[in-house]
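Worksheet: the structure to be examined is printed underneath.
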There are 2 protein chains.
Amino acid sequence: MAKAKRTLKWQRDPEGMRLRILEAAKQEFSAHGLAGARVDRIAAKAGANKRMLYYHVGNKDELYLAVLEGAYDKIRSEERGLDLEHLDPPEAIRRLIEFTWNYFLRNPEFLSLLQTENLARAKHLKKSTKVKSMHSPFVEMIRTVVRRGVDSGDFQVAVDPVQLYISIAGLCFFYLSNSATLSVIFGRDLLDKKAKDERLAHMVGLVLAALTGQSFALFEIAKAPKPRTAMVQPV
Amino acid sequence: MAKAKRTLKWQRDPEGMRLRILEAAKQEFSAHGLAGARVDRIAAKAGANKRMLYYHVGNKDELYLAVLEGAYDKIRSEERGLDLEHLDPPEAIRRLIEFTWNYFLRNPEFLSLLQTENLARAKHLKKSTKVKSMHSPFVEMIRTVVRRGVDSGDFQVAVDPVQLYISIAGLCFFYLSNSATLSVIFGRDLLDKKAKDERLAHMVGLVLAALTGQSFALFEIAKAPKPRTAMVQPV
DNA sequence: ACAGTATTTATCCAACGGGTTAATTTCTCC
DNA sequence: GGAGAAATTAACCCGTTGGATAAATACTGT
């Protein structure tokens with residue numbers, strides 16, 4: 001009877017624990033905001049003791065900042081893989097829009113975290129040293145696409161790449177992050193499949209029509225496999 | 001000495017009190033979100049005792065919903081005065097964009113309240129009976145403008161008015177509601193006068209170019225009587 | 001001027017929440 | 001096989017917070 005205790009009461013796994021804590025914290029913060037998040041719930045969700053949060057990451061604010069930095073890190077690193085250089089400019093913009101849209105759809109917590117941080121007027125993000133540096137390559141990528149488009153005659157105007165990116169992100173972001181209230185006030189479900197397809201088509205049409213000067217309607221087919229035919233022929 | 005007490009210890013003003021409470025609550029909720037808002041701070045800001053909130057409005061959640069309903073009420077009533085029917089369609093769209101932009105600039109708490117409510121997935125708004133009914137007139141107003149534009153040949157395509165409004169609101173909303181984080185990651189102050197002017201010009205250009213098929217640059221000067229002096233950024 | 005009601009104040013409290021302390025269990029390396 | 005370090009748990013601390021109670025103060029009609 002004395003030796004029955006050979007079942008381990010817990011495993012040691014500091015690295016996995018840290019990841020589980022950050023994942024649980026991401027869910028909690030995005031679901032409830034910073035003030036609404038509960039440290040106890042994060043611990044429970046991570047399958048951990050509350051003390052672990054402080055041991056592995058720090059207090060609530062540090063935990064929050066770590067989650068936020070991780071979120072930015074993830075999207076920027078995916079964006080780096082977009083490889084817009086090898087597409088002709090209208091296709092590159094289309095891909096950027098589709099990527100942004102799908103990323104936001106796949107990562108709703110990212111939207112919530114941004115909302116939360118902006119509610120706090122970026123108070124925490126300002127303290128981060130990591131995040132500030134990672135964005136200029138992305139802007140340069142877009143600037144290059146725009147310049148190529150102007151040179152080739154595809155685009156009519158050399159828009160500021162930051163404005164363009166903010167517009168694209170805004171078109172996607174607002175629709176999704178505010179879909180709850182918009183669905184209520186407009187009395188439509190904005191998140192069913194049909195609505196989402198229509199939205200993507202609308203955004204692509206809006207941006208590409210504005211940049212190229214060609215008809216809005218030409219771009220309205222989302223993810224068209226053979227874009228080239230549709231895009232050059234004026235109606 | 002017995003009669004020195006003829007200074008009133010407090011005034012009776014139930015209506016004013018209610019308004020001050022709602023105003024203070026609006027500020028508090030928009031600054032800190034629902035969970036982060038403090039009932040005591042609202043009371044202090046309203047120059048009232050905490051008990052007054054419960055007496056005049058209700059508990060924290062009811063207070064929050066009252067604030068939210070008031071915010072929607074205000075913007076929709078201002079929109080009703082836009083009078084887009086008497087403008088030719090491109091001018092009507094320009095005015096709608098400029099109104100939305102300026103309204104958001106003048107009422108930053110409205111943006112915060114929407115963010116907060118969407119973080120809660122519109123849980124409270126769904127309970128509101130007042131809000132749901134007030135939006136179809138607005139959509140019809142936009143639909144009429146679009147139809148007139150298509151009929152007159154000014155617009156190339158009959159966009160869904162809800163999509164169009166969400167796009168316009170999104171272009172304005174995202175820039176402003178996320179200006180804090182965007183300013184950090186792009187290393188620019190997005191809220192100084194020059195940046196705001198550029199943003200408005202960009203949005204007007206984008207939307208009107210897409211709708212009319214004319215050059216983006218033609219619209220880039222806000223409210224310009226003479227559009228031809230296009231502002232084009234160096235590439 | 002007095003009774004009854006509406007409005008406001010002063011206190012209180014039970015639950016909760018972030019954070020800490022100290023003890024317990026596992027791992028590592030000798 | 002044991003000592004010391006790393007990881008984890010359990011239990012507690014204490015200020016805060018939303019909400020409640022009861023008393024005080026102003027107003028109203030009669």
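The analysis underlying the following values was restricted to heavy atoms, covering all of them including side chains, and did not include hydrogens, waters or symmetry mates. Please read these numbers as outputs of a predicted model, since none were measured by experiment. Residue numbers start from 1 in every chain, and the chains themselves are labelled A, B, ... in the order their sequence lines are given, proteins ahead of strands.
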As a test of reading the structure: which of C/dT9, D/dT8, C/dG18 is closest to the side chain of B/Asn49, going by heavy atoms? C/dT9
Indicate whether the side chain of A/Ser128 and that of A/Glu69 have a donor and an acceptor atom separated by less than 3.5 Å. yes
Is the phosphate of C/dA6 approached by B/His56 (side-chain N or O, under 4.0 Å from OP1 or OP2)? no
Send over the distance from B/Leu34 CG to D/dT17 C1', rounded to a whole Å. 14 Å
Validation row: A/Arg95, A/Leu84 side chains within 4.5 angstrom (heavy atoms): yes
Quick one: which of D/dG18, C/dT20, D/dT9 gets closest to the side chain of A/Met52? D/dT9
Measure the distance from CZ on B/Arg18 to P on C/dT8 and round it to the nearest whole Å. 13 Å
Check every strand shown and say whether A/Ala37 touches a base, only sugar-phosphate, or nothing at a heavy-atom separation below 4.0 Å. sugar-phosphate
Residue pair A/Val184 / B/Val131, side-chain heavy-atom distance below 4.5 Å: no
What is the distance, to the nearest angstrom, from the CG atom on B/Asp40 to the P atom on C/dT11? 15 Å
Between C1' on C/dT9 and CE on B/Met17, what's the gap in Å once rounded to a whole number? 10 Å
With side chains defined as the heavy atoms from C-beta onward, is the minimum distance between A/Arg199 and A/Leu171 less than 4.5 Å? yes
Within this structure, what is the NZ-to-C1' distance between A/Lys50 and D/dA7, rounded to whole angstrom? 18 Å
Grab the CG-P distance between A/Leu53 and C/dG18 for me, whole Å please. 10 Å
Using a heavy-atom cut-off of 4.0 Å across all strands, would you classify A/Arg38 as base, sugar-phosphate, or nothing? sugar-phosphate
Whole Å only: how far is the OH atom of B/Tyr55 from the C1' atom of D/dT21? 16 Å
Nearest whole angstrom, please: distance from the C1' of D/dG19 to the CZ of B/Arg41. 17 Å
Report yes or no: is there a donor-acceptor pair, N or O only, under 3.5 Å between the side chain of A/Lys60 and the base of C/dG19? no
Heavy-atom count around B/Lys123 NZ within 6.0 Å, excluding the residue itself: above 12? no
Taking for each residue the nucleotide of DNA chain C with the nearest heavy atom, is it A/Arg51 or A/Ala35 whose nucleotide lies nearer the 5' end? A/Ala35
